[in-house]
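Counting begins at 1 with the first residue of the sequence.
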Amino acid sequence: MIQDFRSASCPDALAADVCIIGAGPAGISLAMALAGSPWTVCLLEGGGTRAEAASQALYEGESVGPYAFDPSTSRLRALGGATQIWGGGCIPLAASEMAARDWVPGGGWPIGREELSPYYEHANRLCAIEPGAIEDGAYRFDGAPSMPPASPLQPRTSRSSSIDFSTYREQLHKAAGVTALLHANLLRLQATPQANAVGSALIGSTDGRRGVVRARCFVLAAGGLENARLLLLSDDVARNGLGNDHGLVGRFFMDHPRCRLGTLRHPDIARAVHRYERAQGRAATPAFHHLCLTEDAQRAHRLLHARVRPFSIERDPPEGLAAMRALRAALRRPPERDEAAQVEARLLDALEHDVPQRQTIGEGRPGPLALRSVRHADDIVRAALRKLARRPVVDADRAELVGYFEQAPNRDSRVALADSRDALGLRRIRVDWRMSAQDEENIRRASRLIGDALAADLGARFEPAGWLADPAAPLPLHDTAHHMGTTRMSDSPATGVVDPQCRVHGIDNLYVAGSSVFPTGGWSFPTLTIIALALRIGDELLRRLPDMPMVDAIPAPEPVPA
């Protein structure tokens with residue numbers, strides 16, 4: 001069932017076998033995997049069913065690194081998490097993205113690609129993607145493009161899921177043994193005196209209500225930033241935070257940095273880049289082909305993973321069409337937005353910052369624009385005929401290339417706790433997103449290699465962006481809201497926060513689900529792997545729960561203030 005913790009009918013003391021913190025794709029997938037088993041589940045979500053300004057404000061924090069990062073606009077605090085606004089990109093990790101590389105210090109996963117294979121098909125079903133289509137690092141696609149044998153580029157095919165995980169709320173409501181609490185924010189995990197197990201979770205809502213959940217096992221599934229923050233906040237027994245004996249919680253923060261590489265020019269540029277720019281196929285979950293560096297090119301040039309996406313940009317439209325577009329924009333009154341839509345729009349605007357716009361939309365007053373449209377009606381007629389013939393209304397002028405890059409593990413890139421506090425009385429997050437010298441060199445060299453290779457393969461001309469032509473220019477990087485590495489997986493507590501089963505080193509009954517456990521990120525969209533890892537944790541819990549006792553935590557020394 002689903003309850004709202006703010007409601008008087010919801011108890012403030014609960015007990016379950018498993019307590020999952022966070023109801024995004026990881027938490028919901030894990031809860032559904034455990035539903036119907038002999039074990040009860042309490043699923044905690046800090047937000048409601050849709051975005052809310054008050055809940056979203058709990059994600060606000062500081063950015064102190066050399067690259068700007070806004071923690072409040074790169075995630076969504078609501079049931080289903082960011083899948084309420086995501087682009088749906090799904091692709092399995094390639095074995096090469098998980099393998100150790102001698103030119104990437106600290107890289108490599110302690111598990112192999114074969115550990116995830118059994119769970120990718122289940123993750124596929126949860127994302128409503130057609131079964132039986134997964135390969136190493138891609139989806140099979142009949143007629144997928146190929147590159148010349150000597151090219152350093154290869155295509156990999158992703159699928160675009162239409163699933164918003166909040167739509168699973170009806171299944172969660174009916175799921176046997178599952179209780180989901182909305183507006184139930186984790187304040188801290190309360191550990192045993194030796195900090196080797198967790199006994200309870202202290203929870204609260206922004207209206208001042210407080211409660212506690214006792215469980216045999218706890219799973220943090222609150223996202224790549226929040227997982228680390230919550231461990232650091234749980235410091236009543238372990239003064240540096242749970243799992244932080246070696247000071248690694250929050251370190252090795254990675255994203256997929258992106259930036260414009262330059263311009264591609266070709267006599268028929270739209271046709272040249274069409275298969276790498278637009279959705280392919282007629283399936284319910286469209287396919288997208290991504291151009292990325294081959295393993296041989298990475299090894300030969302000692303580069304990290306990278307991909308490129310072309311955006312074809314139309315020529316200046318004829319005067320009549322330009323006037324009609326501007327008139328439509330001037331007359332189109334923005335719809336009244338409710339609170340959720342306003343929050344979502346702010347997040348989407350942040351994610352689309354600096355993404356090339358394909359069409360030109362002018363401005364002006366309706367009267368003069370209407371007159372210009374009438375005077376040049378022949379332009380509008382010709383545009384309509386081109387559209388009926390399934391031709392571009394306006395020919396493309398060029399393609400802008402945007403690159404997305406793997407970031408090397410870097411302990412100086414981190415999230416920590418700020419001194420300021422949120423509405424729950426908790427210390428906010430401080431993000432110090434950094435690129436190492438290897439990252440910056442990698443991005444420059446990979447960008448040049450990709451741009452030149454793609455131009456050669458298409459018979460086009462590559463014009464590098466100003467920063468790429470000037471070695472002294474700063475990198476104009478933006479994040480992609482793929483938060484990874486802050487509770488990284490490792491065989492040893494000296495080099496990571498969780499073990500290969502995603503259990504926090506030294507804490508018997510605390511697990512972490514999500515991309516925060518990724519030791520390296522490749523370039524692949526992380527969601528499908530996040531779900532696969534959560535399902536793998538589900539199997540681990542089903543094996544261990546019969547022998548996991550309920551433990552007693554020491555009482556919190558003082559309540560967290562409202």
Side-chain angles (χ1 to χ4, degrees), residues 1-32 34-35 40-60 72 75-85 164-190 200-215 218-223 226 229-230 233 337-344 347 422-426 513 556 559-562:
M1 64 179 168
I2 297 179
Q3 293 182 288
D4 194 319
F5 182 62
R6 300 175 305 181
S7 171
S9 63
C10 181
D12 55 17
L14 300 98
D17 294 305
V18 180
C19 178
I20 304 170
I21 297 96
I28 289 175
S29 299
L30 177 56
M32 292 175 61
L34 297 175
T40 56
V41 175
C42 182
L43 176 64
L44 305 178
E45 169 53 50
T49 56
R50 292 197 65 193
E52 302 162 344
S55 291
Q56 194 65 24
L58 299 174
Y59 277 155
E60 293 175 358
S72 70
R75 48 202 177 140
L76 182 64
R77 200 179 188 99
L79 187 70
T83 63
Q84 291 203 23
I85 58 169
D164 165 1
F165 270 71
S166 71
T167 60
Y168 283 117
R169 60 182 174 270
E170 195 62 33
Q171 288 175 248
L172 286 172
H173 188 62
K174 297 177 179 177
V178 175
T179 298
L181 295 186
L182 303 178
H183 300 108
N185 301 275
L186 178 67
L187 306 180
R188 67 167 156 254
L189 296 169
Q190 297 181 266
S200 58
L202 186 64
I203 61 175
S205 60
T206 53
D207 63 2
R209 191 174 189 204
R210 297 293 180 261
V212 65
V213 180
R214 297 193 65 218
F218 296 81
V219 182
L220 283 175
E226 206 69 2
R229 179 187 178 220
L230 293 172
L233 286 169
R337 288 177 168 174
D338 61 15
E339 180 182 336
Q342 292 176 18
V343 173
E344 291 168 1
L347 269 61
D422 63 19
L424 295 167
L426 305 178
V560 175

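In this structure, Arg214 contributes its side chain and Asp17 its backbone to no donor-acceptor pair below 3.5 Å. Although no hydrogens or angles enter the test, the distance criterion places no donor-acceptor pair under 3.5 Å between the side chain of Gln3 and the main chain of Cys10. Checking side-chain atoms of Glu344 against main-chain N and O of Ala51 turns up no donor-acceptor pair under 3.5 Å. The backbone N or O of Val212 sits nowhere less than 3.5 Å from a side-chain atom of Ser200 that would complete a donor-acceptor pair.
Once rounded to the nearest 0.5 Å, the distance linking CZ of Arg188 with CG of Leu424 reads 12.5 Å. Once rounded to the nearest 0.5 Å, the distance linking CG of Leu182 with OG of Ser205 reads 11.5 Å. Atom CD of Glu52 sits about 8.0 Å away from atom OG1 of Thr206, to the nearest 0.5 Å. Atoms CG and CD1, on Leu30 and Ile20 in that order, are 3.5 Å from each other to the nearest 0.5 Å.
By the salt bridge (Lys or Arg N to Asp or Glu O under 4.0 Å) test, Arg169 is found to be paired with no residue, residues two or more places apart in sequence or in another chain being considered. Judged as a salt bridge (Lys or Arg N to Asp or Glu O under 4.0 Å), and not counting sequence neighbours, the contacts of Asp4 are Arg6.
Counting heavy atoms from C-beta outward, Gln56 and Leu76 have side chains that approach closer than 4.5 Å. Proximity of Leu44 to Cys19: side-chain heavy atoms (C-beta onward) are separated by under 4.5 Å at one or more points. Looking only at side-chain heavy atoms (C-beta outward), Ile28 and Leu79 come within less than 4.5 Å of each other. Residues Ile21 and Leu189 have side chains in contact (heavy-atom distance under 4.5 Å, counting atoms from C-beta outward). Contact annotation: the side chain of Arg209 never approaches that of His183 to less than 4.5 Å [non-hydrogen atoms, C-beta and beyond]. Residues Leu181 and Ile203 form a side-chain contact, since some pair of their non-hydrogen atoms from C-beta on lies under 4.5 Å apart.
Taking each heavy atom of Val178 and Ala35 in turn, the nearest pair found is CG2-CB, 3.8 Å. Here the closest heavy-atom approach between residue Arg77 and residue Leu58 is recorded as NE-CD1, 3.6 Å. Considering every non-hydrogen atom in both Phe5 and Gly211, the closest pair reads CZ-N, 3.7 Å. Closest of all the heavy-atom pairs between Leu186 and Ala201 is CD1-CB, 3.6 Å. Here the closest non-hydrogen pair linking Thr49 and Gln84 is O-NE2, 2.8 Å. Scanning all heavy atoms of the two residues, the minimum distance from Leu43 to Gly22 falls at CD1-O, 3.5 Å.
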